[in-house]
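First comes the structure, then the notes that go with it.
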Amino acid sequence: MADGSQISITLPDGASRSYPAGVTGADVAADISKSLGKAAFAVKIDGTLSDLSKPIEADAALEIVTAKDDAALELIRHDCAHIMARAVQELWPDVKVTIGPVIDNGFYYDFDRAEPFTPEDLEVIEKKMRDIINLRDAVRTEVWDRERAIAHYEAMDEPFKVELVGMIPEGEPIRMYWHGEWQDLCRGPHLAHTGQVPADAFKLMSVAGAYWRGNSDNPMLQRIYGVAFRNKQDLKAHLTILEEAALRDHRKLGREMHLFHMQEEAPGQIFWHPNGWTLYTTLQDYMRRRQRDGGYVEVNTPQVVNRRLWEESGHWENYQEHMFIVEVDEEHAREKSVNALKPMNCPCHVQIYNQGLKSYRDLPLRMAEFGACNRYEPSGALHGIMRVRGFTQDDAHIFCREDQIEAECARFIEFLSSVYKDLGFEKFEIMFATRPEKRVGTEESWDRMEAALEAAIRKTGHEYTLDPGEGAFYAPKLDFKLTDAIGRVWQCGTFQVDPNLPERLGATYVGEDGAKHRPFMLHRATLGSFERFIGILIENYAGKFPLWLAPRQVVVASIVSDADDYVHEVVAKLRALGLRAEADTRNEKINYKVREHSLGKVPVILAVGAREVEERTVTLRRLGEKQTQVLPLDEVAASLAAEATPPDQRG
RNA sequence: GCUGCUGUAGCUCAGAGGUAGAGCACUCCCUUGGUAAGGGAGAGGUCGAGAGUUCAAUUCUCUCCAGCAGCACCA
């Protein structure tokens, strides 16, 4: 290997050292110091993460990766996946292995095994993994040629590995790894030995089905998920975050706060209770005002629409299986009338557009609808109120000329940004999906549409992330992803250029030249669907809504029954100012009432006893705070009313 | 839709081949209490639906429905 020539290794501090060609990162680390030699996890050779054992043949910048580096965490998770696979095969030798990548917070590995893994199995596997870690087996690697690797896996009866070897592109090395007797195919890199994975900082979380290579036509494998960290504290912190996220679950809070329920007879559809519907209509009223101010006209279109329209729009062909079909068998009719509950609003909006002649003077025409849609979503996709079969979009279609796209897009980005801010989401990201491989239209037309969207983003001062090839087959689009209070990202808003549907449904306008032209249609939604967005709001705020959104705003609770009359007076006063106020004059102690309304996430509790009656004050307590303040009734009423004013109506 | 798990009182959950239990919530009584559960009594369930095995099924088996986790899907 080494031909005796010397190479120069430059370290991060700028120092360079001379070694014979073929030296490994492990050699260099050990040469620098004995302790670094032990602490080394891997190396970065000219910035590329590699195995410690990889021979270095030419001058290079070298960085020794130890436990404290960011890269180390990835290596730990990756090796943890392999150690898990080894543990599984040592426990059940007939299990076939497939792939095991690193994911957020951990890793998974997919196995092929006839028997399902049980939660008890996971504990057994964890124990075995700790044994493997304690063995401190060195990780060894070799690069093999394709034929040898395939022959090896055929001999091992590992059909998935044979397939994987076959998929590795020509020219890429086929890396074979070992620790102990166990072997796996992997592009690496890996740790130096299994003992570098902390034995007390990983946990196997769950097992679930997953299709081989992500394709539902392929067989289903069993995927074991795990999390892994540098140390026990980080693992514990992660588990705590999971517990806290579970406490915000909108399904749990929806029940506890009496917002909504769902039941078997209407899967994927929501029974909104008074509290939840108050939240819903408050949000909808807000959006209605914002859209009116934003230059939209509001319309409403039918729920049950003949299949003819869906055939014209192209949806029947593509989405029939996901539509609720309604057949009506009228007496004496020659044939049944076949309709579908509308799964989207756009074709109906074009019908309104198409009534009467439109002039270029009518454009841009911004047509909004809180459009109630029904889609027959696959049963496995349903999730609380986040993914449902009956939902209402804050939908709008902007009919415009091509030269108006940029301005309309910029206008929408500003609109969305302001709405998100009002609703408590300061941070959002724009995904810019450009022309896909399979597309219609000329390159010039794509150039123009993409340029218009990009210019609009720049004009509004935002950044974007490019999502190449992910546009619709007829035009590019933007997706807007907001970040919630615990860092989760939700795609809500969308802005999609569409020259296609106006064409299919025959939309036209009369231009300055007196001839008919084809308008563009811009599909856009800010919240997406009210149902899903409310789910996001619930989880973002953990049920503790800002006053203007809170379904129950104020409870006025008596401390003694002699204060009951005053309680009702206070409630009446608050209600007269538009506040959602309730009286609690039940024969219960104030402790009990405070506890109950705190659990009910009521933002403000006003307690009144003999003193308050006497002084015409109230004692105010905010949700989550321990201290109280005694305030004059008039003052409290005015300040709460101001606080409860929706953000768009504040002075 | 696929794989696995789950379905018992309004909620959270125990239970067992011989037709059910706890805590909280609910109703009534006592208590008028100053900021996260005052005390007592009472009522409440075709054990998700259907079929099968059995003298007997809520319990075992099968089918279906729904929910949960993940995968696939999301116009």
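The sequence lines fix the lettering, A, B, ..., with proteins before strands; numbering per chain opens at 1. Nothing here was measured: the structure is a model prediction, and the numbers come from that model. Worth knowing before you read on, the calculation uses all heavy atoms, side chains too, and leaves out hydrogens, waters and symmetry mates.
- Here the P atom of nucleotide B:U35 and the CZ atom of A:Arg595 are 16 Å apart, to the nearest Å.
- The pair A:Asp121-A:Arg113 counts as a salt bridge, with a side-chain nitrogen and a carboxylate oxygen less than 4.0 angstrom apart.
- Salt-bridge check for A:Arg524 with A:Glu408: failed, with every basic side-chain N at 4.0 Å or more from each acidic carboxylate O.
- B:A14 and B:U27: their C1' atoms are spaced 25 Å apart (whole Å).
- Residue A:Glu612 places its side chain closer to B:G34 than to any other of B:G33, B:G34, B:U35.
- Ion pairing between A:Asp479 and A:Lys477 holds under the 4.0 Å rule for side-chain N and carboxylate O.
- Searching all strands for a Watson-Crick or G-U wobble partner of B:G1 with both distances below 3.5 Å returns B:C71.
- Spacing of C1' atoms, B:C47 relative to B:G7, comes out at 10 Å, to the nearest Å.
- Straight-line distance from the NE2 atom of A:His258 to the C1' atom of B:C26: 12 Å, rounded to whole Å.
- Nucleotides B:G70 and B:A57 have their P atoms positioned 39 Å apart, rounded to a whole Å.
- A:Asn318 comes within contact range of no nucleotide atom at all, as no heavy-atom separation falls under 4.0 Å.
- Listed pair A:Arg621 / B:A36 meets the phosphate criterion, a side-chain N or O lying under 4.0 Å from OP1 or OP2.
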**Report entry** Worked verdict on A:His523 versus A:Phe495 for ring-ring contact (aromatic ring centres under 6.0 Å, His included)
**Finding:** CA-CA 6 Å; A:His523 308 251; A:Phe495 184 96; 9.6 Å; no

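- Counting only heavy atoms from C-beta on, A:Tyr592 has its side chain closest to B:A25 among B:A25, B:G34, B:C73.
- Note on A:Arg255: every side-chain N or O is 4.0 Å or more away from OP1 and OP2 of B:G10.
- The base of B:G4 does not come close enough to the side chain of A:Thr118 for any donor and acceptor atom to sit less than 3.5 Å apart.
- Checked for salt-bridge contact, A:Glu163 and A:Arg213 meet the test: a charged N lies under 4.0 Å from a carboxylate O.
- Using a 4.0 Å heavy-atom criterion, one finds that A:Val560 contacts the bases of the nucleic acid, with or without backbone contacts as well.
- Comparing the P positions of B:U63 and B:A25 gives a spacing of 42 Å, expressed to the nearest Å.
- If you check every strand for non-hydrogen atoms under 4.0 Å, A:Thr619 touches a base.
- Note on A:Tyr225: only backbone sugar-phosphate atoms sit closer than 4.0 angstrom, heavy atoms only; bases stay farther off.
- The nearest heavy atom of RNA chain B to A:Tyr474 and to A:Ser206 marks one nucleotide each, and the one closer to the 5' end goes with A:Ser206.
- For A:Met220, whose side chain is taken as the heavy atoms from C-beta onward, the closest listed nucleotide among B:C71, B:C73, B:A36 is B:C71.
- Within a 6.0 Å sphere centred on CD of A:Glu614, other residues, nucleotides and ligands contribute 12 heavy atoms or fewer.
- Across all strands shown, B:U59 forms no Watson-Crick or G-U wobble pair with both key distances under 3.5 Å.
- Nearer the 5' end of RNA chain B, as judged by each residue's closest nucleotide, is the contact made by A:Pro378, out of A:Gly609 and A:Pro378.
- Nucleic acid contact class of A:Leu221 (heavy atoms, under 4.0 Å, all strands): none.
- Residue-level contact check: A:Ala557 touches neither bases nor backbone, having no heavy atom under 4.0 Å from any strand.
- When the P atom is used for both B:C64 and B:C11, the distance is 27 Å, rounded to whole Å.
- Applying the 3.5 Å distance criterion, the base of B:U35 shares no donor-acceptor pair with the side chain of A:Thr628.
- Checking B:C24 for Watson-Crick or G-U wobble geometry (two distances, each under 3.5 Å) identifies B:G10 as its partner.
- Candidate nucleotides B:A75, B:A36, B:A72 were compared by shortest atom distance to the side chain of A:Tyr319, and B:A75 ranks first.
- The base of B:G1 lies outside donor-acceptor range of the side chain of A:Glu321, with no N or O pair under 3.5 Å.
- Closest to the side chain of A:Met344, from the set B:A75, B:U35, B:C73, is B:A75.
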Report task. Scan nucleotides 62-68 of chain B nucleotide by nucleotide, 5' to 3', and note B when protein non-hydrogen atoms come under 4.0 Å of the base, S if they reach only the sugar-phosphate, - if neither. Result -> ---SSSS

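- Spacing of P atoms, B:A51 relative to B:C29, comes out at 45 Å, to the nearest Å.
- Comparing B:C13 with B:C65, their C1' atoms are spaced 23 Å from each other, to the whole Å.
- For A:Arg223 against B:C71, no side-chain N or O and base N or O form a donor-acceptor pair under 3.5 Å.
- Within the shown strands, nothing qualifies as a pairing partner of B:G33 under the Watson-Crick or G-U definition with both distances less than 3.5 Å.
- Not a single donor-acceptor pair, N or O on each side, falls under 3.5 Å between the base of B:C74 and the side chain of A:Arg532.
- Between A:Leu122 atom CG and B:C5 atom C1' there is a gap of 12 Å when expressed in whole angstrom units.
- Only the C1' atoms considered, B:U58 is 11 Å distant from B:G15, to the nearest whole Å.
- Checked for salt-bridge contact, A:Glu635 and A:Arg616 miss the test: no charged N lies under 4.0 Å from a carboxylate O.
- A:Gly214 comes within contact range of the sugar-phosphate backbone alone, with a heavy-atom separation under 4.0 Å but no base atom that close.
- Around CD of A:Glu317, the count of heavy atoms belonging to other residues, nucleotides or ligands within 6.0 Å does not exceed 12.
- Salt bridge A:Arg518/A:Glu503: present, at least one basic N to carboxylate O contact under 4.0 Å.
- Distance, A:Lys438 NZ to B:A75 P: 16 Å, rounded to whole Å.
- In this structure a side-chain-to-backbone donor-acceptor pair under 3.5 Å is present from A:His568 to A:Asp564.
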